[in-house]
Amino acid sequence: MDAGGTSTRAIAVDASGAVLGSGRAAGANPNSHSPSEAAARIASAIGGALDGLDPAATEACVVGMAGVSKLSDPAIATIFEAAWRDLGLSSVRTVPDPEVAYASATSAPDGSVLVAGTGSIACRIRGRRTVSTVGGYGWLLGDEGSAYWLGREAVRSTLDVLSRGGELGPLARSVLTEALGPSAVDPVGDRAPLWRALVTSANSEAPVRLARFAPFVSEADREGDPAADGITSRAAALLVTNVMAARDPGETTPIVLVGGVLSPSGPVGAKVRARLTGIEVLTSTDGVLGAAWLAAVDAYGEDAPRPVSS
């Protein structure tokens, strides 16, 4: 099971690694949704994966969950434990979602994983388990290099152009169009009203909404916008600093990259990979496969075949 903030997927595999069933549900992060709703969505996805199978025959179950720390509250853990019982599962191991992302890309027991989606975090992996983290403090205290961070920097860069003068480049024009409408990209005369309108618009929404400006940074970077290039370069530097802080000096284990910001086709992903030259860098594309393999290892040992499709 890979339970994220926006979607949840589960697969059932046998001892050969063959996929026997799959299930899907909406997001199930207990920090973003009520615990009862998150547990119900996870149960729905697992139920879909086990449709037509005997739940009692399940040897092991691993749930990679965004917001898994929420289960440290005994009252919330009880809600999820009740869901496992109702499904007929006797052995469920919940782990942070970076662990299943790491396992989806490599069978190496030790390494690091760098996540950059809406938020960001770097994890040190030992024995396929997270032993320490760098970052991951959320939008107010961190999330360096994440989509939230990129979006915030895009708005700040646009405000700088409006308040200090200068030509509106591709990034600023995209931000203004998204936030205030097409008429805002050709200001005439005093820019102060436009500056104030953008500040008001950005502060009137939930902070996470700033992440919607992140794609404009990548697009403008590809168009040669210096402001966008500066933002993506800083993002890459911050992300690499965090993941290297999660490693020992001279460590040669793999680094697994996770999340849309770190896509190989995006400027931040490309710049991160360029800074990690000489290290084995892998890309996680399907966390549910990692979760299934971790469950298979729990059930059948280190030689368990890796599922190849979800």
Side-chain angles (χ1 to χ4, degrees), residues 1-30 32-33 35-68 70-71 76-109 113 115 125 127-130 256 258 282-310:
M1 159 75 68
D2 185 17
T6 58
S7 65
T8 297
R9 292 189 303 143
I11 60 174
V13 301
D14 66 14
S16 72
V19 177
L20 305 178
S22 63
R24 292 177 178 268
N29 181 339
S32 306
H33 309 280
S36 58
E37 183 178 42
R41 290 175 175 178
I42 287 177
S44 175
I46 293 179
L50 293 175
D51 186 32
L53 303 173
D54 178 9
T58 303
E59 296 286 346
C61 178
V62 169
V63 176
M65 186 189 303
V68 69
K70 197 82 169 178
L71 273 65
I76 293 175
T78 297
I79 295 173
F80 284 85
E81 289 165 1
W84 312 148
R85 288 195 302 271
D86 290 345
L87 287 166
L89 298 176
S90 59
S91 176
V92 178
R93 180 161 68 93
T94 56
V95 303
D97 53 331
E99 289 186 16
V100 300
Y102 177 84
S104 75
T106 178
S107 58
V113 58
V115 181
I125 303 294
R128 302 192 185 92
R129 304 201 180 197
T130 301
V256 174
V258 188
L282 305 169
T283 302
S284 172
T285 57
D286 201 343
V288 74
L289 294 177
W293 184 66
L294 288 176
V297 170
D298 287 349
Y300 308 121
E302 288 289 329
D303 295 329
R306 296 178 66 85
V308 295
S309 174
S310 61

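Since this is a predicted model, take the numbers as computed values, not measurements. Starting from 1, each residue takes its place in the sequence as its number.
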Worksheet entry | 4.5 Å side-chain heavy-atom contact, Thr130 and Ile125 | yes
Item to complete: Evaluate the criterion side-chain contact (heavy atoms from CB on, under 4.5 Å) for residue pair Met1 and Val92; output intermediate values, then yes/no.
Response: CA-CA 10 Å; Met1 159 75 68; Val92 178; over 6 Å; no
Worksheet item: Can you tell if the side chain of Asp14 reaches within under 4.5 Å of the side chain of Tyr300, non-hydrogen atoms only?
Response: no
Discussion item. Please find the pair of heavy atoms, one from Cys61 and one from Ile46, that lie closest to each other, and give the distance.
Written reply: SG-CD1, 4.4 Å
Discussion item. Can a donor-acceptor pair be found, under 3.5 Å and without considering hydrogens, that links the side chain of Trp293 to the backbone of Gly17?
Written reply: no
Worksheet entry | Atom CG of Asp54: over 12 foreign heavy atoms under 6.0 Å | yes
Discussion item. If I compare all heavy atoms of Ala38 with all of Asn29, which pair ends up nearest, and what's the gap?
Written reply: CB-C, 4.4 Å
Worksheet, complete the sentence: Heavy-atom nearest pair, Arg41 first then Ala28, reads CB-CB, 4.2 Å
Worksheet, complete the sentence: Rounding to 0.5 Å, atoms CD1 (Ile76) and CD (Glu81) come to a distance of 12.0 Å
Item to complete: Please say whether more than 12 non-hydrogen atoms of neighbouring residues, nucleotides or ligands are located less than 6.0 Å from CZ in Arg129.
Response: no
Discussion item. Minimum heavy-atom separation for Ala66 and Pro30, please, with both atom names.
Written reply: O-CD, 3.3 Å
Worksheet item: Minimum heavy-atom separation for Val100 to Val95, with atom names?
Response: CG1-CG2, 3.8 Å
Worksheet item: Looking at side-chain heavy atoms only, is the closest gap between Pro109 and Glu302 below 4.5 Å?
Response: no
Worksheet item: Does a side-chain heavy-atom distance below 4.5 Å link Pro55 with Leu50?
Response: yes
Worksheet item: To the nearest 0.5 Å, what is the distance between OG1 (Thr8) and CE (Met65)?
Response: 8.5 Å
Worksheet item: Quick one: does Glu99's side chain get under 4.5 Å of Val62's, heavy atoms only?
Response: no
Discussion item. Quick one, Phe80 and Thr94 - any side-chain contact, counting heavy atoms below 4.5 Å?
Written reply: no
Item to complete: Please check if the side chain of Arg93 supplies one atom and the backbone of Ala295 the other of a donor-acceptor pair under 3.5 Å.
Response: no
Worksheet item: Between the side chain of Ser104 and the main-chain N/O of Ala101, is any donor-acceptor distance below 3.5 Å?
Response: yes
Worksheet item: Under the 3.5 angstrom rule, does the side chain of Arg9 hit a backbone N or O of Asp2 as a donor-acceptor pair?
Response: no
Worksheet item: Any donor-acceptor pair under 3.5 Å linking the side chain of Tyr102 with the backbone of Gly290?
Response: no
Item to complete: Might you point out which heavy atoms bring Leu87 and Ala43 nearest each other, and give the distance in Å?
Response: CD2-O, 3.6 Å
Worksheet item: Any donor-acceptor pair under 3.5 Å linking the side chain of Ser22 with the backbone of Ala49?
Response: no
Item to complete: For the pair Arg128 (side chain) and Ser107 (backbone), establish whether a donor and an acceptor sit closer than 3.5 Å, ignoring hydrogens and angles.
Response: yes
